[in-house]
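Note sheet for the following structure.
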Amino acid sequence: MNVQSNVTVNNGVNTEALIGARGAFAEAPQAAQFTFRSSCSWIEGTYSANKINSYFGLGQEHERKRTFSIESDHPEVFAAADRAPTPPEIALAALASCLTGGVAAVAQHRGIQLRSVQSTVEGDIDVQGILGMDPEIRSGFSSIRVSFEIDADASKDEIAALVAQSQKRSAMFDILTNPTNVNVSLA
Amino acid sequence: MKRISALIIGAGQAGLAMSHHLSARSVPNVILERGEVANSWKTERWDSLRLLTPNWQSRLPGHAYAGDDPDGFMSVAQTAKFLDTYAATITAPIETRTTVTRVRRIGDDYEVETNRGLWSCRNIVLASGACNRASIPQFSTGIPESIDQLSPLAYRNPSQLRPGGVLVVGASATGVQLAAELRAAGHDVMLAAGHHVRMPRFYRGRDIQWWMDRSGLLSTTVAEVDDLQRARAVPSLQLVGEASTRFLDLNTLQSAGVEIVGRFTGLRDRTALFSGGLANATALSDLKMNRALDGFDAWAAEAGLTDLPAPERFAPTKVAEAPRLSLDLARGRISTILWATGFRPDFDWLHLPVFDHKSRLAHEGGVVARGLYVLGLPFLRKRNSTLIDGVGADAAALADHLVSTNVRHAA
């Protein structure tokens with residue numbers, strides 16, 4: 001590990017707090033159990049809106065100061081009104097944000113000053129799957145590509161290691177690459 | 001009931017080295033061994049296995065390799081013989097065919113129940129090994145019955161397997177060696193690879209173990225790593241004990257026709273699901289290898305070793321454009337699953353409150369509790385704690401601790 005504590009690096013990530021949390025969770029693993037949630041309301045057509053606020057963690061419910069909103073719709077080629085991104089685009093955005101946050105956190109921990117982090121995410125979907133035209137074709141992405149451009153005070157290999165370590169610890173990378181049991185019920 | 005100062009459980013390299021050090025400190029000791037000397041080597045290893053460390057590195061306190069092939073690699077039979085010779089040399093007091101069935105604390109002493117009677121002792125050294133059980137994921141119980149499941153502890157050679165495809169799970173030394181051997185024997189082989197560590201057998205004209213030994217990497221102590229849990233969980237290097245095989249990595253296996261897939265993450269009904277994160281696992285492995293080689297080069301430059309061939313870097317690991325994400329196990333391509341998913345020690349007979357929340361033995365550098373010690377676990381005190389070459393120093397340190405604690409307690 002190349003923790004360079006003699007260098008003052010500020011990527012705006014409080015890694016000391018995160019490392020402190022690791023110590024606390026090792027003592028009390030129950031506190032590390034979090035539940036996140038989003039409430040979605042149908043508006044019209046394929047247009048819907050999510051409200052995101054409360055979550056459970058550290059053994060209790062938390063209310064944020066503000067409620068966030070994420071809307072979703074479909075583009076005109078799917079005969080929709082295109083009022084918001086599609087759900088798969090939101091998933092791609094979530095992956096990019098997750099990896100980007102990870103890059104910043106790992107860079108901070110390793111004493112690497114970032115100047116800019118840009119990324120583009122692409123996901124390929126054969127819509128014959130969604131339309132139920134061919135059972136051999138899945139509904140989801142057949143592949144996802146993420147391309148990073150990073151300017152930082154580090155060697156090429158050190159920057160590659162930031163991106164690799166970020167994937168290793170990323171929730172969204174895990175969610176997209178590994179299976180998850182999903183239960184959908186009617187209230 | 002028989003009484004002794006120290007009981008050592010297990011007559012492998014760790015138990016023998018400990019007996020040597022205790023005897024040298026005039027601590028009466030007896031080794032209890034469920035089978036015979038080097039039992040795991042004689043009964044739980046596959047036929048083609050050779051040590052991953054060269055012969056010159058087989059160094060135990062008071063005994064070292066003295067043959068005419070220091071750069072060779074011992075077979076399992078040669079390793080067993082090496083330990084038999086050691087046991088005879090140090091005249092270790094060994095009770096063979098003696099299985100410990102229960103250990104209890106009675107006051108200041110331990111009571112050790114075996115299939116051949118009771119012992120009482122002030123000190124116990126657990127030297128029964130780190131690889132008694134294969135770690136196999138829970139979901140393996142859902143694998144269709146038409147498929148044979150095998151662990152490396154039961155695997156001997158390819159003739160044991162039914163004809164048909166083999167899914168080898170795990171890409172440490174065990175997984176890559178067995179995948180290569182089964183592929184060479186004509187099986188259709190698929191290898192599920194999670195996080196792994198790629199490394200060349202030799203580099204700049206020297207064996208990789210020479211680099212790790214001389215540069216001081218192997219003697220790194222637990223105090224010198226910033227995440228001990230992680231260091232203890234690092235899988236074994238993708239190596240084989242064969243001087244001419246530079247790489248036994250995923251590229252080698254792919255060239256031999258082995259299909260590489262991501263980590264085997266679970267089952268959906270009868271379908272095996274593999275992680276889509278393979279490309280990152282190989283990227284991490286390549287970066288890790290290059291960091292290690294950078295470190296060796298820097299050490300060589302600092303040490304002024306100018307007569308070595310020039311540094312080199314190797315082509316990255318190739319990954320298929322779209323590695324397989326699932327496999328219907330009922331379709332017949334695979335007839336055997338070989339779980340090379342790691343090993344763990346067996347302390348089921350240790351009825352003491354010395355385990356952490358994940359049922360692992362808790363210890364500080366091998367000190368478990370007063371009078372209770374363990375040897376041979378990954379990164380116990382140093383990076384080489386699991387090597388024949390590393391257990392001697394650990395045994396010496398724990399023997400010193402045992403003697404000083406007993407003296408204090410008696411005073």
Side-chain angles (χ1 to χ4, degrees), chain A residues 1-5 15 18-19 22-23 25-32 95 98-99 102-103 106 109-111 123-124 126 136 138 140-148 154-182, chain B residues 137 139 192 194-196 220 224-231 233-234 261-269 271-295 297-298 313 316-317 319-328 356-358 362:
Chain A
M1 289 288 102
N2 50 343
V3 184
Q4 299 162 355
S5 50
T15 45
L18 296 176
I19 288 162
R22 268 184 62 150
F25 291 146
E27 296 297 312
Q30 265 313 107
L95 175 63
C98 197
L99 293 175
V103 164
V106 177
H109 183 57
R110 296 186 178 178
D124 303 328
D126 182 339
E136 301 285 306
R138 65 185 286 184
F141 292 114
S142 57
S143 74
I144 294 174
R145 293 172 298 280
V146 187
S147 167
F148 269 96
S155 72
K156 199 170 167 241
D157 268 7
E158 284 169 337
I159 292 174
L162 291 182
V163 176
Q165 187 64 19
S166 167
Q167 289 170 76
K168 191 176 177 183
R169 295 277 168 256
S170 161
M172 283 308 301
F173 186 84
D174 177 69
I175 286 165
L176 289 167
T177 55
N178 294 317
T180 307
N181 287 316
V182 180
Chain B
F139 65 77
H195 291 295
H196 55 272
T220 307
E224 291 168 320
V225 293
D226 69 352
D227 189 339
L228 188 55
Q229 295 287 13
R230 202 185 302 172
V234 170
V261 297
R263 194 169 68 88
F264 189 176
T265 57
L267 289 170
R268 186 172 289 148
D269 300 325
T271 299
L273 302 172
F274 305 114
S275 171
L278 176 62
N280 191 49
T282 63
L284 280 160
S285 174
D286 284 339
L287 287 162
K288 199 177 184 66
M289 172 179 70
N290 287 337
R291 278 199 301 274
L293 300 181
D294 286 347
D297 290 340
R313 290 294 173 268
T317 305
V319 181
E321 193 155 323
R324 169 190 295 281
L325 295 169
S326 65
L327 177 71
D328 184 345
D356 69 13
H357 69 285
K358 291 187 82 178

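Just so we're on the same page: letters track the sequence lines, and every chain starts at 1. Values in this document were obtained by computation on a predicted structure and should not be read as measured data.
- Residue B:L278 does not touch chain A at all, counting heavy-atom pairs closer than 4.5 Å.
- To the nearest 0.5 Å, atom CD of residue A:E158 and atom CD of residue A:Q165 are 13.5 Å apart.
- Looking at B:D286, neither its backbone nor its side chain comes within 4.5 Å of chain A, counting heavy atoms on both sides.
- Of the atoms belonging to A:R138, it is side-chain heavy atoms, and not backbone ones, that fall under 4.5 Å from chain B.
- Heavy-atom pairs under 4.5 Å with chain B were tallied for A:P29, A:P179, A:A164, A:S143; the largest tally goes to A:A164.
- Using a distance-only test at 3.5 Å, with no hydrogens or angles considered, a donor-acceptor pair links the side chain of B:D356 to the main chain of B:K358.
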- How far apart are the C-alpha atoms of B:H196 and B:L284, what are their side-chain angles, what is the distance that settles it, and do they pass the side-chain contact (heavy atoms from CB on, under 4.5 Å) test? CA-CA 8 Å; B:H196 55 272; B:L284 280 160; over 6 Å; no

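- For A:T177 (side chain) and B:S275 (main-chain N/O), no donor-acceptor pair under 3.5 Å exists by modelled atom type.
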